Number of protein chains: 2
Amino acid sequence: MNTVVDTRERILTTARELFHGRSYADVGIKEICDLAKVQKGSFYHFFPSKQDLAMAVIDDMAEDWAHGFVAEAFDRNLPPMERLDYMIDAAYYWQKAAKDIEGRMPGCLFGNLALEVSTRDEVLRAKLNAVFQKASSQFHETLDEAIEQGQIAPLDAQATSQAMLAFLEGIILLAKTRNDPEVIRTLGPAIKTLRVELPMEN
Amino acid sequence: MNTVVDTRERILTTARELFHGRSYADVGIKEICDLAKVQKGSFYHFFPSKQDLAMAVIDDMAEDWAHGFVAEAFDRNLPPMERLDYMIDAAYYWQKAAKDIEGRMPGCLFGNLALEVSTRDEVLRAKLNAVFQKASSQFHETLDEAIEQGQIAPLDAQATSQAMLAFLEGIILLAKTRNDPEVIRTLGPAIKTLRVELPMEN
DNA sequence: ACTTGACTAGACTGACCGGTCTATTCATAA
DNA sequence: TTATGAATAGACCGGTCAGTCTAGTCAAGT
């Protein structure tokens with residue numbers, strides 16, 4: 001029982017690291033198996049296909065995220081707008097740590113996968129879209145609370161929360177392209193200035 | 001002489017379309033050759049490697065961009081802040097047209113490539129970084145002018161221009177993941193609200 | 001003791017990859 | 001007419017890809 005869970009887990013975490021550090025297409029099943037010290041046969045016992053593995057990796061990462069620093073950043077006890085700074089900080093330190101170890105910025109696994117596979121794998125695209133949907137809802141709650149507390153003027157919280165997520169992904173993209181995590185710290189705070197006006201009433 | 005230019009051109013535009021519509025890794029030389037009606041031998045006569053082709057594709061696209069709708073959007077005769085709306089509009093219509101034809105949003109070729117290859121190809125990464133650098137300088141000029149004309153309060157134009165580019169890439173990423181160009185139109189206008197404060201003086 | 005089924009092991013398949021190679025065509029210039 | 005070199009044609013190479021298959025291990029249930 002122990003080794004069973006272990007094998008699957010080992011495949012999953014290895015795949016996650018490799019996909020994150022390089023790309024989906026660039027990492028082969030064999031490489032994952034070798035690094036995880038697992039044979040092909042075992043791999044295909046647990047995962048019917050590479051696509052299924054990717055689905056599991058996304059789920060795995062999303063769960064770690066939700067219970068990890070996303071939960072911390074969007075802590076209900078923090079003043080709403082401070083949560084945004086916390087989120088930016090977390091992203092910065094994460095990418096910086098990764099770069100210090102690996103020499104290059106991996107960026108955001110979800111963003112990386114989204115741009116790579118969206119045009120040729122509907123299933124993965126839909127899954128990644130759901131992850132983003134959920135992520136933006138965190139921003140949404142934060143904005144609602146900030147408005148309620150009168151800390152910011154009313155705005156289109158739905159659209160603005162998506163804009164904030166887009167901005168976060170955008171600065172990570174730019175930082176990765178420059179291979180410099182500082183970009184996140186420099187541009188990040190501007191996330192608080194983003195706003196989509198409420199649609200016209202009349 | 002005519003056929004020479006033609007062959008190289010055909011390879012280039014075909015590669016560009018395929019890379020843009022799918023990804024760098026997913027498109028093989030053979031597929032490009034078949035579609036461009038060119039043989040392998042001819043291909044390698046013009047391009048020493050797939051990487052060189054990618055470099056040429058990036059240059060080609062960057063030039064088309066610079067002389068195409070980027071030049072239009074950042075028209076000096078337009079009021080500065082209107083240029084930003086123009087840019088968003090252009091991005092929206094481009095992606096919408098592509099989706100109407102192909103059924104899926106290709107996103108931004110530069111952003112796509114950047115996330116895909118940045119961690120494993122220094123040369124391409126540096127080139128893409130340069131493209132982004134140049135793109136953000138367009139925003140920079142726009143901001144400088146807007147400040148000069150007193151249309152916006154002074155801000156860190158260098159950082160804000162990068163933030164705007166990041167936001168643009170971010171909304172295109174989100175739109176591609178949702179396979180819905182409307183995201184660009186909905187969130188896009190918020191680009192004008194982005195601002196990075198001037199660094200502290202003393 | 002025997003059966004069952006989850007799990008491991010790793011050889012193997014056919015397709016495809018980027019890239020090389022040799023042979024040939026063809027326009028130009030001497 | 002012949003020589004030259006750019007351009008084309010396409011067979012070919014070693015390697016890798018995702019995925020299959022057969023054989024066997026091993027622990028739990030009866």
Side-chain angles (χ1 to χ4, degrees), chain A residues 1-58 112-113 116-117 119-125 127, chain B residues 1-58 112-113 116-117 119-125 127:
Chain A
M1 210 48 73
N2 201 349
T3 70
V4 171
V5 173
D6 220 53
T7 303
R8 212 194 106 100
E9 209 73 15
R10 237 162 41 232
I11 294 170
L12 213 47
T13 61
T14 305
R16 193 169 113 175
E17 283 164 20
L18 291 178
F19 285 158
H20 193 187
R22 305 229 294 284
S23 74
Y24 180 62
D26 199 43
V27 176
I29 306 284
K30 180 162 188 308
E31 187 179 358
I32 295 167
C33 288
D34 289 350
L35 233 93
K37 303 236 189 288
V38 163
Q39 257 56 37
K40 268 267 184 86
S42 304
F43 176 92
Y44 278 98
H45 173 72
F46 289 104
F47 301 97
S49 72
K50 193 184 182 185
Q51 188 201 51
D52 279 86
L53 171 66
M55 294 288 274
V57 164
I58 295 168
N112 296 350
L113 285 177
E116 185 182 357
V117 308
T119 47
R120 57 175 170 135
D121 191 318
E122 259 303 297
V123 180
L124 289 177
R125 202 215 92 237
K127 171 133 236 153
Chain B
M1 207 51 70
N2 202 349
T3 71
V4 171
V5 173
D6 220 53
T7 301
R8 212 193 107 100
E9 209 73 15
R10 236 160 44 229
I11 295 170
L12 214 47
T13 62
T14 305
R16 194 169 112 174
E17 283 164 20
L18 291 178
F19 286 158
H20 193 187
R22 305 229 294 284
S23 74
Y24 180 63
D26 198 45
V27 175
I29 305 284
K30 178 156 188 314
E31 187 179 357
I32 295 168
C33 288
D34 288 351
L35 233 92
K37 303 237 190 288
V38 164
Q39 257 58 34
K40 267 263 183 91
S42 304
F43 177 92
Y44 278 98
H45 172 75
F46 290 104
F47 301 97
S49 71
K50 194 184 181 185
Q51 189 202 51
D52 280 86
L53 171 65
M55 294 289 274
V57 164
I58 295 169
N112 296 350
L113 285 176
E116 185 182 356
V117 308
T119 48
R120 58 175 170 133
D121 192 318
E122 261 303 297
V123 180
L124 288 177
R125 202 215 92 238
K127 172 131 232 153

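Naming: A, B, ... by sequence-line order, numbering from 1 per chain. These numbers were taken from a predicted model, which means no experiment stands behind them.
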Rounded distance in Å - [atom1] ([X]) to [atom2] ([N]):
X	N	atom1	atom2	value
A:F47	C:dC7	CZ	P	12 Å
A:F19	D:dA18	CZ	P	8 Å
A:Q51	D:dA18	CD	P	13 Å
A:R10	C:dA9	CZ	C1'	14 Å
A:F43	C:dC12	CZ	C1'	18 Å

Item checked: Nucleic acid contacts - residues 20-41 of chain A versus DNA chain D, non-hydrogen atoms under 4.0 Å ->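 Close to the strand are A:V27, A:G28, A:I29, A:K40.
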
Note to self: Could you work out how much the helix from C:dA1-D:dT30 to C:dA30-D:dT1 bends, comparing the axis of its first five pairs with that of its last five, to 10°?
What the structure shows: 10°

Notebook entry, point to check: Given C:dG19, C:dT8, D:dT8, which nucleotide is nearest the side-chain atoms of B:Y44?
Noted result: C:dG19

Checklist line | Nearest-nucleotide pick for A:H45, side chain only, options being C:dA6, D:dT20, C:dT20 | finding: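 Given the options C:dA6, D:dT20, C:dT20, the side chain of A:H45 is closest to C:dA6.
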
Do the side chains of [Y] and [X] get nearer than 4.5 Å, heavy atoms only?
X	Y	result
A:L53	A:I32	yes
A:L124	A:M55	yes
B:Y24	B:Q51	yes
B:N112	B:F19	no
A:F47	A:L12	yes
B:E122	B:R125	yes

Check: Does A:T7 put a side-chain nitrogen or oxygen below 4.0 Å from OP1 or OP2 of C:dT8?
Finding: yes

Notebook entry, point to check: Within the pair A:S49 and D:dA18, is there a side-chain N or O less than 4.0 Å away from OP1 or OP2?
Noted result: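 So the side-chain polar atoms of A:S49 never come under 4.0 Å of the phosphate oxygens OP1 or OP2 of D:dA18.
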
Item checked: Pair B:D34 + B:K30, salt bridge at N-O below 4.0 Å -> yes

Notebook entry, point to check: When you measure from the side chain of A:E116 to the backbone N and O of B:S23, does any donor-acceptor pair fall under 3.5 Å?
Noted result: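 Not a single qualifying donor-acceptor pair exists.
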
Check: Any sub-3.5 Å donor-acceptor pair from A:R10's side-chain atoms to A:K37's backbone N or O?
Finding: yes

